[in-house]
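Encoded as structure tokens, the structure appears first; notes follow it.
The chains referred to below are lettered A, B, ... by the order of the sequence lines, with proteins before strands, and numbering in each begins at 1.
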Amino acid sequence: MNPDIPEKLLKPYDPVAEEAGIYQQWEASGYFTPENMIKDGLTASDAEAFTIVLPPPNVTGHLHMGHAMMITVEDILIRYKRMQGFRTLWLPGTDHAAIATQSKVEKEIQKAEGKSRHDLGREELLKRVNAFAQDSHDTIVNQMKVMGASCDWTREAFTLDEIRTKAVRTVFKKMYDDGLIYRSHKIINWDPKGQTTISDDEIVYEPRKAAMYTFKYSKDFPIAISTTRPETKVGDTAVAVHPDDTRYTEYVGKEYDVVFCGVPIHIKIITDEAVEKDFGTGALGVTPAHSMTDWEIADRHNLPRPQVINEYAKMMVGDERLMGKKVLEARETIVSWLKEENLIEKEEVLDQNVATAERTGGIIEPLPKLQWFIDVNKPFTLEHSSLETIASGSQTTLKEIMRATVGTGQIDIIPEYFTKTYFHWIDNLRDWCISRQIWYGHRIPVWYKGDEIYAGVEAPKNDDSGDEWKQDEDTLDTWFSSGMWTFSTMGWPEQTEDLKIYHPTSVIETGPDILFFWIARMILMTGYVLGDIPFKTIYLHGLVRDAQGKKMSKSLGNAMNPLDIAAKYGADAGRFALIAGTTPGTDSKISEDKIKGYKHFANKIWNITRFVLSNHDEGSSTAVLTDSDQALLDAWHEVAQKITTDLDAFRLHIAAEDMYQYIWTILADKILEESKLLLASDDLAIKHSRQKLLLTLLSETITVLHPFMPFVTESIWEILPHHDSLLMTEKWPTS
RNA sequence: GCGCGAUUAGCUCAGUUGGUAGAGCGGCGCUUUUACACAGCGAAGGUCGGGGGUUCAAGUCCCUCAUCGCGCACCA
């Protein structure tokens, strides 16, 4: 045995013993920061930039396998491009995640101390949330390092820090001045559990059985209506029928006064296209204040919109039977009243989707409220535009910006078929409600004094009049600040070098579940603020499911922690398992068996190294390859070229598979096996040629494998002869 | 209701522009041979969901049906 072989190479590969030390070396080198690569001549100073901003994980706890997938894909792309000589920046950060974080902390406090946020007060609650967020942040950063993420930690950002706050306020003011942000009293999605408004996208529909009652408001009322929510009927101001529905023509335009369970209501019979003739009786009891569709009908017919349900989902009209009752109790009361009065014509059970709040699970109660909105359809002038289909100085809308940039070659979505889903969403997009009645987040930068309103980056100065400016109590939807992530992370509104060099970013990589929440909003924000795209390619990975195909979740107890995987099988094995056999946009299953298989792969490479090094002679370095050895090297180069092509086309899974195949079945099973004979040859030319070939193949294969399995490859690199530098900064072997 | 995806070996999945079906895991048999039993060698295993069409040629393109999943809309 060659005496130069390090002790550790004689044993099976031990990832746990290697990985932490390797990461420290990388970090200490400073080469995650592209400027340091340039300073040391490892990247050309005029190299083209390649940038990814990390989708900031929510500071709500720790990372799960979905994050692990995201980090793996991004780190592969980043390490690949860095080795190819690009000026490569991976910019990390975390998201304060407003409602998600606050509701999590509120739950914990409620559980541990039995206190609500109102018992604590704004200041104390924020203190607690901040402490929790800091804790989560530290956990998350540690997890990312364990996974080998080569991000530039010197540039780390937080959606709620000082620089990002300035960016948020600057954009808010600009939109406000352009009339794109407006305050209006209109119907919104109210979450009675979280005591806040939420946007349409934060609603999750849950299928349920519901009783639908068909009845008349009173014995004398001519038309029967159907509803699953009789308690809202005290807020009705009209009955609408389809204009083509001849059954009710004689009543259209007439008005009726009735007393409905003690509440006097005034009903006008109207026609509206929104009504479906075939549903129920074909007549719709219009409750403007508590139904989105009905609100719009009321708009068209100028109907009154009395609010009858309050923010606690309790009745706010009627006598003692209704007033102050929860909606479900009120429903029972009204149903029994209808029965007593003999007004019910039909009672049936139907399937219905109940709107619930994504974060709290509360049942959404649509009600009118004074809130802030972004107008997605209002024309404005886009002063400076780099967008291909919108000229500088021309009129456009936010919706148009979102539409014009995708699918035109400026922004590509991978997989491509998600482009359709994206457009479908835009077609149905309504104004975006951005105010939230929670405390953790960016407070709305608007101040009030009497009838005066001031929107600005800083609070207005108080004068001597004694009246003080008061800031709006609400905070902004968390996606308002994450929508600015690609440029707020680079220091905007300052005109920084980073913005010039690294923006627009190259790739955004995330799950399809936040295509609308986040991706679309980044396109909106960046188009509006910079007149540019935020990224060129959207890479959507699929959901990571457990071995049975179930969604991983804490409550199911099937969640895997990336840290446990790394401790058991090594981060490399976990990374490889997340890529191999998966395809963008498609859900994948992962099991410990699969990960174990790739731990074996890491060990295989380790053993190949042992064989190559223990058969190596220094004298071989100047050897000339024999024709057959040269042919083997050429064959590898073809494989490497194909892997390069696949990486460029974001076919990471194919590249990974080819790498695995080549190393195991070609390099180990064939080349190493036949080498045993050749290395025993007395012909030094043959022997040295083979030695040189083996060392070359080993160096080059671990170089190409490095983006996928950075730890084991770096570990091997440092024990190969003549290598003082880090593999991480090595040049990619193909053009 | 509209749209999107999936359906390939026992299991998990690849298969880029149409050119004689692939991998991993598992199972089976053999092998302790200058790396590796976290291994090697070998064989087995698929009418690529059903049906129809285009083509010299279809897992791949078109139509249709079925099952599963997802998104959007409706949700009176």
Side-chain angles (χ1 to χ4, degrees), chain A residues 1 5 9-13 200-201 205 207-208 210 212-214 224-230 232-233 236 239-241 274-276 278-287 291-294 297 350-355 415-429 512-513 515-516 542-543 545 547-549 569 573 576-577 580-583 585-591 593-594 596-615 642 645-646 649-651 653-654 656-658 660-661 664-665 668-669 672-673 675-677 679-680 694:
Chain A
M1 192 61 69
I5 304 292
L9 194 60
L10 301 177
K11 291 178 291 195
Y13 177 62
D200 295 345
D201 301 291
Y205 291 95
R208 295 203 187 153
M212 185 166 79
Y213 305 92
T214 301
I225 56 153
S226 302
T227 185
T228 55
R229 299 202 58 188
T232 64
K233 298 292 104 182
D236 282 13
V239 163
V241 299
V275 182
E276 245 178 83
D278 302 329
F279 193 94
T281 60
L284 166 66
V286 181
T287 322
S291 152
M292 296 287 170
T293 334
D294 295 7
I297 293 175
L350 56 81
D351 295 305
Q352 142 179 288
N353 288 319
V354 177
E416 195 262 336
Y417 59 76
F418 271 104
T419 310
K420 263 196 177 170
T421 314
Y422 174 85
F423 283 119
H424 192 60
W425 175 80
I426 292 178
D427 290 341
N428 289 299
L429 182 64
D513 49 333
L515 181 61
F516 311 137
L543 220 63
R545 297 172 174 277
Q548 279 73 45
Y569 305 103
F576 212 88
T582 68
T583 191
T586 304
D587 293 356
S588 62
K589 298 179 194 176
I590 195 159
S591 61
D593 276 347
K594 184 175 181 187
K596 199 160 74 181
Y598 295 114
K599 177 178 188 284
H600 297 173
F601 180 50
N603 190 53
K604 188 76 183 178
I605 306 157
W606 193 250
N607 286 313
I608 291 170
T609 307
R610 185 190 307 164
F611 179 87
V612 172
L613 289 188
S614 50
N615 284 293
K642 179 174 184 300
T645 308
D646 284 331
F650 299 96
R651 295 189 288 259
H653 57 294
I654 295 176
E657 189 65 27
D658 285 348
Y660 184 96
Q661 286 307 319
W664 204 305
T665 63
D669 292 346
L672 252 58
E673 283 308 318
S675 295
K676 289 172 186 172
L677 273 176
L679 291 168
L694 288 178

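A donor-acceptor pair under 3.5 Å links the side-chain atoms of W606(A) to the main chain of K11(A), judged by distance alone. No side-chain donor-acceptor contact under 3.5 Å links R208(A) to the backbone of Q352(A). A donor-acceptor pair is defined here as one N or O able to donate and one able to accept, closer than 3.5 Å; no such pair exists between the side chain of T586(A) and the backbone of G542(A). K596(A) places no side-chain N or O within 3.5 Å of a backbone atom of S591(A) that could act as its donor or acceptor partner. Under the 3.5 Å distance criterion, the side-chain polar atoms of N607(A) are matched with a main-chain donor or acceptor of N603(A).
Rounded to the nearest Å, the gap between the P atom of rC65(B) and that of rC25(B) is 41 Å. Comparing the P positions of rA44(B) and rG29(B) gives a spacing of 16 Å, expressed to the nearest Å. rA9(B) and rU60(B) have their P atoms separated by 15 Å, with the value rounded to a whole Å. Taking atom P in both rU8(B) and rG71(B), one finds a spacing of 23 Å when rounded to whole Å. Here, rG49(B) and rC2(B) have their P atoms 25 Å apart, quoted to the whole Å. For the C1' atoms, the distance from rU34(B) to rA39(B) is 15 Å, rounded to whole Å. Comparing the same atom, C1', in rA23(B) and in rC62(B) gives a spacing of 30 Å after rounding to whole Å. To the nearest whole angstrom, the two C1' atoms, one in rA66(B) and one in rG26(B), are 30 Å apart.
If you check rC74(B), rG5(B), rA35(B) against the side chain of A668(A), the one that comes closest is rA35(B). Closest to the side chain of K642(A), from the set rU16(B), rC36(B), rG40(B), is rU16(B). Of the candidate nucleotides rG15(B), rC4(B), rC38(B), rC4(B) has the atom lying nearest to any side-chain atom of Y417(A). Distance from the side chain of N607(A) is smallest to rC36(B) among rC36(B), rG71(B), rC4(B). Among the nucleotides rC75(B), rG3(B), rG5(B), the one closest to the side chain of Q352(A) is rC75(B). Across rA35(B), rC38(B), rC75(B), the shortest atom-to-atom separation from the side chain of P12(A) is found for rC38(B). Closest approach to the H424(A) side chain among rU16(B), rC72(B), rC74(B) is made by rC72(B) (side chain taken as heavy atoms from C-beta onward). Of the candidate nucleotides rU12(B), rG15(B), rA35(B), rA35(B) has the atom lying nearest to any side-chain atom of I608(A). Nearest nucleotide to the side chain of N353(A), out of rG40(B), rG71(B), rC74(B): rC74(B).
Using a 4.0 Å heavy-atom criterion, one finds that T645(A) contacts no nucleic acid atom at all. Using a 4.0 Å heavy-atom distance criterion, I225(A) is classed as making no nucleic acid contact. Contact annotation for K676(A): base contact, defined as any heavy-atom pair under 4.0 Å involving a base atom. Contacts of A210(A) with the nucleic acid, taken as non-hydrogen atoms under 4.0 Å apart, are absent. A274(A) comes within 4.0 angstrom of a base, heavy atoms only. Within the 4.0 angstrom heavy-atom criterion, no nucleotide atom of any strand lies near F601(A). Counting any heavy atom pair closer than 4.0 Å across all strands shown, D669(A) reaches sugar-phosphate atoms only and no base atom. Counting non-hydrogen atoms under 4.0 angstrom, N428(A) reaches the backbone sugars and phosphates but no base. As judged by a 4.0 angstrom heavy-atom cut-off over every strand, K599(A) is placed among the base-contacting residues. T609(A) comes within 4.0 angstrom of nothing in the nucleic acid, heavy atoms only. When heavy atoms are screened at a 4.0 angstrom cut-off, Q661(A) is found touching the sugar-phosphate backbone but no base atom. At the heavy-atom level, H653(A) lies under 4.0 Å from the strands shown only through sugar-phosphate atoms. Heavy atoms of T281(A) sit nowhere under 4.0 angstrom from any nucleic acid atom.
Between N615(A) atom CG and rC36(B) atom C1' there is a gap of 13 Å when expressed in whole angstrom units. The interatomic distance linking K589(A) (NZ) with rG69(B) (C1') rounds to 11 Å, in whole Å. Rounding to whole angstrom units, CD1 of residue I426(A) and P of rG71(B) are separated by 18 Å. The CZ atom of R545(A) sits 18 Å away from the C1' atom of rC11(B) (whole-angstrom rounding). Here the P atom of nucleotide rG24(B) and the OH atom of Y660(A) are 6 Å apart, to the nearest Å. Between E416(A) atom CD and rU17(B) atom P the separation is 12 Å, expressed in whole Å. Put simply, CE on M292(A) is 11 Å from P on rA73(B), counting in whole angstrom units. The distance between atom CG of D427(A) and atom P of rG1(B), rounded to the nearest whole Å, is 21 Å.
The shortest distance between the side-chain N/O atoms of W664(A) and the OP1/OP2 oxygens of rA23(B) is not below 4.0 Å. Applying the 4.0 Å criterion to OP1 and OP2 of rA14(B), one finds that T582(A) has every side-chain N and O outside that range. For the OP1/OP2 pair of rU12(B) and a distance below 4.0 Å, the side-chain nitrogens and oxygens of K594(A) include no atom meeting the criterion.
rU67(B) and rA6(B) make up a base pair, with Watson-Crick or G-U wobble contacts both under 3.5 Å. In a base pair of the Watson-Crick type (N1 to N3 plus N6-O4 or O6-N4) or a G-U wobble (N1-O2 and O6-N3), with each distance short of 3.5 Å, rA14(B) is matched with no nucleotide. Nucleotide rG1(B) forms a Watson-Crick or G-U wobble pair with rC72(B), both donor-acceptor distances falling under 3.5 Å. Across the strands present, rG26(B) finds no partner; the criterion is a Watson-Crick or G-U wobble pair with both atom distances under 3.5 angstrom. rA43(B): no Watson-Crick or G-U partner with both key distances under 3.5 Å is found in any strand.
Between F611(A) and V354(A), the residue anchored closer to the 5' end of RNA chain B is F611(A), taking for each the nucleotide with the nearest heavy atom.
Counting atom types as modelled, K604(A) pairs a side-chain N or O with a base atom of rC36(B) as donor and acceptor under 3.5 Å. Side-chain N/O atoms of E673(A) and base N/O atoms of rA35(B) include a donor-acceptor pair closer than 3.5 Å. No donor-acceptor contact under 3.5 Å links the side chain of Y13(A) to the base of rC38(B).
To the nearest 0.5 angstrom, N615(A) atom CG is 8.0 Å from L694(A) atom CG. One distance of note links CZ of R229(A) with OG1 of T287(A); it measures 8.5 Å at 0.5 Å rounding.
Ring centers of Y598(A) and Y569(A): at least 6.0 Å apart, outside the cut-off. The six-membered or imidazole ring of Y422(A) lies away from that of F516(A), with a centre-to-centre distance of 6.0 Å or more.
Residues satisfying the salt bridge (charged side-chain N to carboxylate O under 4.0 Å, His left out) test with D201(A), not counting sequence neighbours, are R521(A).
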